[in-house]
Amino acid sequence: MRRYIIRRLLLMIPVLLGITVITFCIVHLTPGGFVRVNMEMNTKISPDSMQKLKALYGLDKPVHLQYLDWLSRFVRFDFGHSFTDNRPVLEKVLERLPATLLLNITSLVMIFFFGTIIGVTSALKRNSPYDRIMTAVTFVGYSMPAFWLALVMMMAFAVKWPVLPVSGMTSMNFDMMSATEKVWDIARHLVMPVFITAFGGLAYVSRYVKSGMVEALTQQYTTAAYAKGLPERDIIFRNALKNSLLPVITLLGLSLPGLIGGSFIFETIFAWPGMGRLAYDAAMTFDYPVIMGTVTMAALLTLTGNLLADISYALVDPRIRYK
Amino acid sequence: MNKMAITGSIIAGLLVLTAICAPQLTSYDYKAQEISQRLQPPSGSHLFGTDELGRDVFSRMIYGARTSISVGLIAVFLAVLIGVGLGAIAGFFGGWIDNVIMRFVDIVLTIPTLFLILMLIVFLGPSITNVMIIIGLTSWTDIARIIRAEVMSVKKLAYVDAARLIGLRRRDIIRRHILPNIMGPVFVYMTFGISGAILMESGLSFLGLGVQPPHPSWGNILTGGKDYIESAWWLVLYPGAAIFTAVFSFNLLGEGLRDYFNPKLRKE
Amino acid sequence: MNAIKVKDLNVTYRLDRGERLYAIRGIDLSVEQGESVAIAGESGCGKTTLAHALLNLLARNSEPSGSVVIDGEEVLGRSNRELEKVRGVKAGMIFQDPGASLNPLFTVKEQVEETLKVHLRIMNKDELEDKGLKLLEEAGIADNRRVYGSYPHQLSGGLQQRVMTAIALSCGPKILIADEPTTALDVTVQAQIVSMLIRLKRERGLTLVLITHDLHLACMLCKRIIVMYAGQIVEDGEVNSAEDARHPYTRALFEIIPDISFKKEFKVIPGSVPDLKKVENKCSYCDRCPNAAQKCREEAPGLTDGVRCWYPYEVKR
């Protein structure tokens, strides 16, 4: 088991390097970018001071040297300073991390909780009206443009019947609240974004759980379990459920990049102070160090998620563990 | 064919038809601004009302269908080209070639796709062509993985061995024996890919990173609408419903095709 | 009292597009306590459906009718909860593919003790383990401590079937239903499993119902052979060779047993099992029968004196 984890950890390194190389290339080799934007903003800038500006940010060196520079700082957890406000990138990313994690983890918990319930119940009542309705509802969610649903929900619950806050993670008077009020305030702000992500993600999970459950229920070991005279509750919730949750673990790992990356669209809509918006703002202002920082951090989160998924898979499935 | 595939293809077909016949379906110019007529609710003369610049929303939506459908088709075509190519090569040759390609797939899969697209758009500049290319360049990984797996399983079948024995060249084996076998999964993922691309395009256009006004897209009509959610509901409702319908129909078609190509799934 | 009493059992499966498959038609069968019965036939003749019907383990799309009484308890039309008192307690069952009948995610220990907890209400950890280890030993597993802590995939097919048998017999049922217990195993392992079954049968005084396509195996374990064809019993009696057989189909089944010495030519029964989607008023074997006459094609024969044939072979019993 330990060797398995170490092997997985080592495999992460080339992937992470690859990601940073690709991102670096996109950022530095494409036309346009920071320098041009600065020139356009400030037409009076002379070629001479342009050169100085480049040198200041280390942009005058060949790209591979710039990358090695970046890499040598990265291994020391130094992501450099933002071009726009000169604050350390790590600090900027880390202050956005809790909001991103809060939103994504809450969404994931919701998706997997309700997805599993819907999947299991649909499998038990397969081909019933309940099963069909659930399939239809989750399918609609899956086809729904999230940003549109966000707008419609804002229209309904923030404008027409103002019961939920429109934007941000906290209210204006957050600092003056008591601890319980703070929790309640954040929870209220979470409702819409979490509902929207969960509604969209439900189809995947419930479908996987359902087909896993149907498969497990039609396996011979399930027939054998009935033949042993075990109570049906044990057969479904102990024997079959464990088998049907196996593919879900992998799915959990795979759905991370989509959630983290996808969040920037409605982080923008809901003005959620997460990493998605930071990346968006950084890209818009060609803030290279911050772009590199957010992408690397998102990739690290994803890789960690995948690793956790792999480990839990191995914990559940002895066939992997003892290979 | 099953009900899902038929329903999906009818709706999708109607959308494609709308896109093709756009000039015949409306008498308004989608670019014509008429400030005196701005933000008119739906009426007999403006079916879906007018936007903040007094343009006819119905015409913009119909031309928007052109944008969405063509982005969907071209992006997916590109993704399939890359995905099938790399997947088939990886699956067929195996060994280090497979290893290199699959590590590359891992890398692309681990960068959150939308971040990647966001960066590319910002640096290449937002335009409809760039959107197509970028969506295509970032969404080939699923297809590549499926094709690789399919090719590997087909490769083990007896007739491919037989073909190799009678001395067919590798390229011929891929073309004549393996490709026909993987058409099913490719079709399925193409339909899902189209709906994914339409969703992506509308999202990007909504954020101002995709199709640029005055060129219409369902996404950028919504951008205009979001500032008027309190007064002009039609600017939010119709384009969103159009995106949903398009995505829904292609997804439905994809589901239907998946069942069709995999009859095992229909039974329990 | 009979250990098993089946009366007028019919099982049909609902298929796509409203089609129905008549898997089992009008089976009457009684098995004495301590008796060993083999149910034989080609694949598709309904023998596995019959085995599943004995414990009401039929698939969701099946419609059984008639009556199956196991040790005094009716099983058809009973809920899973009611059947907990029969399954594993009055009758245990083992299956064709032992690897697939064990849950891959649980250790042997967990799977053995699960049944003990449910039926025997043993809760003490040490007691459970002692009992479990003893059961494995009884099933002929010498290395029982290692096997006990293993996962199914770590065991050979033979060991898996021994574990399955140990679990099926763990709560002391008097009846064992074995559905093709050796088919998925190697020849040498088959022999070991057969000798284990013979020993357990003797030691525990089991009533054994063996489902098999292999008449050779059937004769090794059982005196009484029930031959099924197209969902019906075509012969029921003490048949040990082709010469004993009264039904032409039974005779054909004996003749196709491959001869170890390879002296005889490898034979097959010409034709194939009839379509079970329609029921016609004729002998279901008449299309493949060498003795078929006009009457066979016009009227279905009943089961008389243990044979379902208009023109059975005369044999001395």
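Note that these values count all heavy atoms, side chains included, but never hydrogens, waters or copies made by symmetry. As the structure is a prediction and not an experimental result, all values here were calculated from the model.
- With chain B as the partner, the residue from A:Ile291, A:Val140, A:Ile22 showing the most heavy-atom pairs under 4.5 Å is A:Val140.
- Ranked by heavy-atom pairs under 4.5 Å with chain A, the list B:Leu222, B:Ile198, B:Leu199, B:Asp106 is led by B:Leu222.
- The most heavy-atom pairs under 4.5 Å with chain B, out of A:Arg207, A:Met144, A:Glu215, A:Met154, come from A:Arg207.
- In this structure, the side chains of A:Thr84 and A:Lys92 come closer than 4.5 Å at one or more pairs of heavy atoms.
- Aromatic rings of B:Phe248 and A:Phe139 (six-membered ring for Trp) have centroids within the 6.0 Å cut-off, being under it.
- Remark: the A:Thr20 side chain and the A:Tyr67 side chain contain an N/O donor-acceptor pair separated by less than 3.5 Å.
- For B:Leu209, the part lying under 4.5 angstrom from a heavy atom of chain A is the side chain only.
- Ring-centre distance between B:Trp234 and B:Tyr238: not below the 6.0 Å cut-off.
- Between A:Tyr130 and A:Thr121, the side chains place a donor N or O and an acceptor N or O closer than 3.5 Å (distance only, hydrogens not considered).
- Among A:Ala298, A:Pro145, A:Gly305, the residue with the largest count of heavy-atom pairs under 4.5 Å with chain B is A:Pro145.
- A:Thr197 and A:Ser107 share a side-chain donor-acceptor pair at under 3.5 Å.
- Contact of A:Ile269 with chain B is made through the side chain alone, with heavy-atom distances under 4.5 Å.
- Distance alone, capped at 3.5 Å, is enough to place a donor-acceptor pair between the A:Asn104 side chain and the A:Thr100 backbone.
- Among the residues in residues 133-143 of chain B, none has a non-hydrogen atom closer than 4.5 angstrom to a non-hydrogen atom of chain A.
- Using a 4.5 Å heavy-atom cutoff, the side chains of A:Phe270 and A:Met192 are in contact.
- When heavy atoms are compared at a cutoff of 4.5 Å, B:Leu116 approaches chain A solely by way of its side chain, counted from C-beta outward.
- Distance alone, capped at 3.5 Å, places no donor-acceptor pair between the A:Asp287 side chain and the A:Ser82 backbone.
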**A:Gln219 and A:Val214: CA distance, side-chain angles, deciding distance, side-chain contact (heavy atoms from CB on, under 4.5 Å) verdict** = CA-CA 9 Å; A:Gln219 290 292 311; A:Val214 168; over 6 Å; no

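- Note on B:Leu109, B:Ile117, B:Leu252, B:Ile121: by heavy-atom pairs under 4.5 Å with chain A, the leading option is B:Leu252.
- When side chains are defined from C-beta on, B:Gln212 does not count as touching B:Ser127, because their heavy atoms never get closer than 4.5 Å.
- Across B:Val236, B:Ile243, B:Val108, B:Thr245, the residue that shares the most heavy-atom pairs under 4.5 angstrom with chain A is B:Val236.
- Of the atoms belonging to B:Phe104, it is side-chain heavy atoms, and not backbone ones, that fall under 4.5 Å from chain A.
- The residue among A:Ile19, A:Val152, A:Leu303 with the most heavy atom pairs within less than 4.5 Å of chain B is A:Ile19.
- There is no contact between B:Ser195 and chain A, counting heavy-atom distances below 4.5 Å.
- A:Phe74 has its ring centre less than 6.0 Å from the ring centre of A:Phe79.
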